[in-house]
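A note on names: the letters A, B, ... follow the listed sequences, proteins ahead of strands, and every chain is numbered from 1. What you see is a predicted model, and the numbers here were worked out from it, not measured in a lab.
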Amino acid sequence: MKGRTGYRLLMVVLLSIALISAAVTVSAVSAAGYPERAISIVVGSSPGGFYDIQGRLLAEYWPQYLPNKVPMVVRNISGGGGIRSANETWIAEPDGYSIIQIKTGAYLLAENQYPEQVKFKMKDWQYIGRYTQDVSVFLTRKDVADKIKTFQDLVEMAKKKPLLCSTGGVGSSMHTNGVIFAEETKIPVKYVHFPGSNEALTSLMRREVDFNILSISPAQKADPKELRILFIFNDDQNMFTSVAPTALKYGIPKNVLQAINNNPVFSAPRALAVAPKTPANIVKMLRDSFWKLMTSKETEAAFKKAGDFLDPLKGEEFEKLLPQMISDTNKFAKVLPKGN
Amino acid sequence: MIDGFIGGLSILFSWPAIGLFLVGCVMGLIFGLLPGLQGGLALATLMPITFGMETNQAIPLLIGAWGASEGSATAILFNMPGEAENAATMLDGYPLAQQGRAGEALGAAGFSSLCGVMISIGIFMIILPIMRPIVLAFGPPEFCLLALLGLSAIAVISKGSLVKGLFIMFIGVALAFHGTNPITGGIRYTFGSLYLWEGVDLMPVLIGLFGLTECMNMLSHKSTVTRTTIRVAGGVLKGIMAVIRNWKLNVFCATLGTLCGTIPGVGGTVASWLAYSTGITIFGRGETFGNGNIKGVIAPESANNAKDGASLMPALILGIPGTVSTAILIAALIIHGIYPGRDLITNHLDLVFLVVQCLALSNIFSQSFTMFAGKLMARITLVRPHVVVPVIATTCLMGAFTIRNSILDVALAGFFCVFGYLLDKYDFPKIGILMGLILTPLAEESFHSSIQISEGSYSIFVTRPGSLVLVILILSVLFMPFILRSYRKLKRQWLQKSRSG
Amino acid sequence: MKLLTRKFSVMHLAICLFIMTYFIVLAFLTPGLDSMTRLFPMIVLSAAIPIGILETLSVINKKVHDFLDETSLFGKKKTDEDDDDLDRGLEAKAIIWLLSYVALFFLIGPLFAMIVGPFVLMRYLGKVNWMTCFINVGITWVSVYLIFVKLVGARLPVGLFFGGIW
């Protein structure tokens, strides 16, 4: 009886191994056949957020430009402010099936500030390209906007009492944007942190704070009854004519605006990359298809419909900008307070 | 308004919208039953599919999935909430199942949930024009005190002494300290591990403490979940009648849930616990709870579903998502070029009504399923544990993994399973751990934000009217056991005197 | 005053001491944090440790236990002593099985673990017949795979045994 039981158990184990092997595809990297299965765009935040929407839009429209037209899916790996997703992609198989969505400024800062936690090297990713970067705006309350018509008014107001800026948390883009703005303009600012950008916006509506600096897309959706975009941190008036005046028109000195916009933590380029040892022809294939995606009217329309915009740059050109970005971030990291 | 209402209905009952709606409902049902898979994840999974659809088709699919995800069935049958907000239902729901009254509990849960969402939708329609000041009246000081009120209430109403309740709750509070504090920027107790940077996630703890612990309980006992030979079939109608008899409790808890849903960031878990603690205090005087009192099922279920309807208000009107599900819903609308806010109300009122109607119908679908399949589902409690446990344990462990795609969450769930089992053996109210883990981040983050707003002054917690009321409530709740103890002592002494006199 | 005046279980005391150790370790690490970050932990741990001491004392001392018991509003939960249905042998097997199942997830990956773990429980611990085992494992495996892997998109690790990493 024992022998029969043992035999049965062995048959069960062998059968299950056979079934699983049939179900699960474990293939060696085959550049000639690439891509053979779904490609993941790895997003370092939870579903539904700003970056997640962008990732999903890319995943929707990209496959048509790939050979074999394989589907693309978004994989959300939240944790460590996106660092976990980057760490996992860095050590994953370099087969071109995991493309990481890189928040350039945030990751450069993390590499500088948390070297023990960060496993990747920003200069060593193989970049497929940049698809957008932030255009930020100065968002304030209606009653404040009515009082400060020019940059000089803003400076005078801050001299009486430091401005209160709401952020989505220490180290968030709203926080770093505020710090960069305060550093370059020399305006005294105090920060009120919240566990997310939505709470930071609500705080502005509740009149608990004076302003915040955030990306134009969510700012445009803010309630115009309560909130106003005072100016845009962009010197191209043609791009956002209907939204608000540019910072230059508002009165911010040109050199100050340039210093702000040149900081990669502020401009927050959003790029896509694969792990360092990914075969060169796979990288080329992805770059070529990416560029076709970026230059298509359909993609532009989809991003515009979602209230976003494209500002593409080829991977090779983006890589050339990296050393300067790393240097600028390292300088900024020294002035960014850890904590409030 | 009427045009918008009719417009919404005509969209919903057209083809293929109605077909997509039903597909969404079925998906939502499946996600609600499985631990680790919640309504928000159902939305996230469906969102890419909707890209190529018209908005009129996407909304029924998404809202159908969200509204139909319902975690009370597993809370009642297996002491394992499908979602965190169903945790309060377990306290009385599972003992009812153990007494062979699972059908009654499922009927009560289903019908009170349905009533809850209908009441909140009704309130939504009425207060739509004046919603803004209500939403904006609650700021960080109120959030902080609300969370502290919830924590105090849990410590007091847990079984066993107040000290025991606090002791266990402090475990949950301490667990919540691990990781990064977004308000102060400090990183605490991570022991150099990136896994702990985002803190201890709620779901693996919930799965371990309740789902897997219950598997251990089932395997350790000689009989099935139902420890008696009482018939388990039927009773659904009895549960529905219990809700009708306790209509005041239902309406009270639904209103409380609606209020909690209106305030972004409060969430269904706070709503269900507040409803449980206040509901049973006001409407259950002299009764015992935690041993299978049907009111203990009605109160939280009514509130946590009412919260869904109400959470649409800040999401659709102010563009402020209060929950993960509404955040994904807003994202889905934005992708289709529909922006929440005045534009939505002014130019797309039919879409607003479509969302509300889909939510109402999806709840009818899922609660009807819970109620009428309750008879069948209740029979699961009679199945041998060695057949049921592998299914539950497997889905629990997979659910724990899927939350953050992390195998370490599986280990965490395993640890809390053993820990939770030992806590159960020695009369520790482990629900306190859960509440500590849920409410502490809200309390701490709001506390620090309040101090930053007031630029260092603590008076912000007593100078605002809402905050002052909450401070008084917290003190009352904390001192209630001692007042009660003194009262009982005095009563005993008086009775003794009158007998000897 | 005599301390040990109550009959207690060593495991019960061990649980209290384990929790107290956790609180003390955190308390030890707290002063190293900056002032605002350590504020809440300091307040909470300052209360948690004395309460923990009280609770630990109530396990071993009758007077303390009776005093604290009077603050309970909703009565006591059922304990093991009241539970006639509990089998200690089954209990030990259940705990070992579950911990082994979790370990299998790490060692051989979820896809294999989902077969081996349930089979062992049903066949060897529960003496369930082969047909029921096959059907149960088969349906569970397929359903979990379809929902979690195909629909939700979870990427399952292959397990340490097969060269996978965490």
Side-chain angles (χ1 to χ4, degrees), chain B residues 30 34 37 41 45 156-157 159-164 166-167 170-171 173-174 177 181 184 186 188-189 212 215-216 219-223 227 288-290 384 386-387 389-391 393-395 397-398 401-402 405 407-408 410-411 414 417-418 422-423 425-427 444 447-448 481-482 484-485, chain C residues 9 11-12 15 19 22-23 26 29 33-34 36-37 40-41 44 47-48 51-52 54-55 58 68-77 79-80 85-87 90-91 94-95 98-99 101-102 105-106 110 114 117-118 121-122 125-126 128 132 136-137 140 144 147-148 151-152 154-155 157 166:
Chain B
I30 294 169
L34 296 171
L37 303 186
L41 190 56
T45 309
V156 166
I157 67 173
K159 288 253 175 75
S161 71
L162 172 63
V163 164
K164 200 166 212 165
L166 284 171
F167 186 48
F170 281 137
I171 299 175
V173 175
F177 289 145
N181 183 320
T184 64
R188 291 181 296 216
Y189 317 132
L212 293 175
C215 291
M216 296 297 97
L219 292 174
S220 311
H221 289 80
K222 295 170 214 155
S223 57
R227 305 274 161 79
T288 53
F289 287 86
R384 276 188 65 192
H386 288 90
V387 176
V389 163
V391 179
T394 304
T395 47
L397 291 175
M398 280 303 298
F401 173 79
T402 309
N405 278 309
I407 197 79
L408 292 173
V410 176
C417 166
V418 178
L422 292 173
L423 290 178
K425 279 171 81 65
Y426 298 104
D427 197 22
E444 191 187 9
F447 175 82
H448 286 298
F482 300 101
L484 206 68
R485 186 172 162 268
Chain C
S9 153
M11 183 57 84
H12 190 175
I15 291 170
I19 298 168
Y22 173 57
F23 289 158
L26 295 189
L29 294 170
L33 304 169
D34 66 84
M36 288 315 276
T37 306
F40 252 59
V44 167
I51 282 177
L54 260 182
E55 178 57 30
S58 80
L68 294 180
D69 233 7
E70 287 190 39
T71 59
S72 98
L73 279 182
F74 291 100
K76 291 194 227 186
K77 281 172 64 168
T79 60
D80 274 358
D85 204 35
L86 179 69
D87 183 322
L90 289 176
E91 188 183 57
I95 292 175
L98 184 98
L99 290 176
Y101 194 15
V102 171
F105 262 67
F106 280 76
M114 283 196 294
L121 177 69
M122 282 191 285
L125 298 180
V128 176
T132 309
N136 193 337
V137 169
T140 307
V144 166
I147 294 172
F148 287 93
L151 188 61
V152 175
R155 278 263 289 257
W166 301 342

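By the 4.5 Å heavy-atom criterion applied to side chains, Lys425(B) and Met11(C) are not counted as neighbours.
When each of Ile19(C), Leu99(C), Leu98(C) is checked for heavy-atom pairs under 4.5 Å with chain B, Ile19(C) comes out on top. Interface remark: of the candidates Leu397(B), Val173(B), Asn181(B), Val418(B), Leu397(B) forms the most heavy-atom pairs closer than 4.5 Å to chain C.
Atom OG1 of Thr394(B) is separated from atom OH of Tyr101(C) by 2.5 Å, given to the nearest 0.5 angstrom. If you take OG1 on Thr402(B) and CD1 on Ile147(C), they are separated by 10.5 Å, rounding to the nearest 0.5 Å. One distance of note links CD of Glu55(C) with CG of Leu166(B); it measures 10.0 Å at 0.5 Å rounding.
Closest approach of Gly186(B) and Asp34(C) over heavy atoms only: CA-OD2, 4.3 Å. Closest approach of Met398(B) and Val144(C) over heavy atoms only: CG-CG1, 3.5 Å. When every heavy atom of Phe106(C) is checked against every heavy atom of Ala411(B), the shortest pair comes out as CZ-CB, 3.6 Å. Met216(B) approaches Ala94(C) most closely through the heavy-atom pair SD-O, 3.4 Å. Closest non-hydrogen pair, Leu90(C) versus Leu219(B), comes out as CB-O, 3.4 Å. Across Tyr22(C) and Ile171(B), no two heavy atoms sit closer than the pair CE2-O, 4.5 Å.
Residue Leu26(C) touches chain B through both its backbone and its side chain, counting heavy-atom pairs closer than 4.5 Å. Contacts of Leu121(C) with chain B are made by both backbone and side-chain atoms, with heavy-atom separations under 4.5 Å. Only the side chain of Pro110(C) comes within less than 4.5 Å of a heavy atom in chain B; its backbone stays farther off. With a 4.5 angstrom heavy-atom cutoff, Thr37(C) touches chain B via backbone and side-chain atoms both. At a 4.5 Å heavy-atom cutoff, the contact between Ser9(C) and chain B is made by side-chain atoms alone. Of the two parts of Phe167(B), the backbone and the side chain both hold a non-hydrogen atom closer than 4.5 Å to a non-hydrogen atom of chain C. Interface residue Val410(B): backbone and side-chain heavy atoms are both found under 4.5 Å from chain C.
The backbone N or O of Gly126(C) lies less than 3.5 Å from a partner atom in the side chain of Arg384(B), making a donor-acceptor pair. Remark: side-chain polar atoms of Arg188(B) are not paired, donor with acceptor, to backbone N or O of Leu33(C) under 3.5 angstrom.
Classified by interplanar angle (parallel below 30°, tilted 30° to 60°, perpendicular above 60°), the ring pair Phe40(C)/Phe447(B) is tilted.
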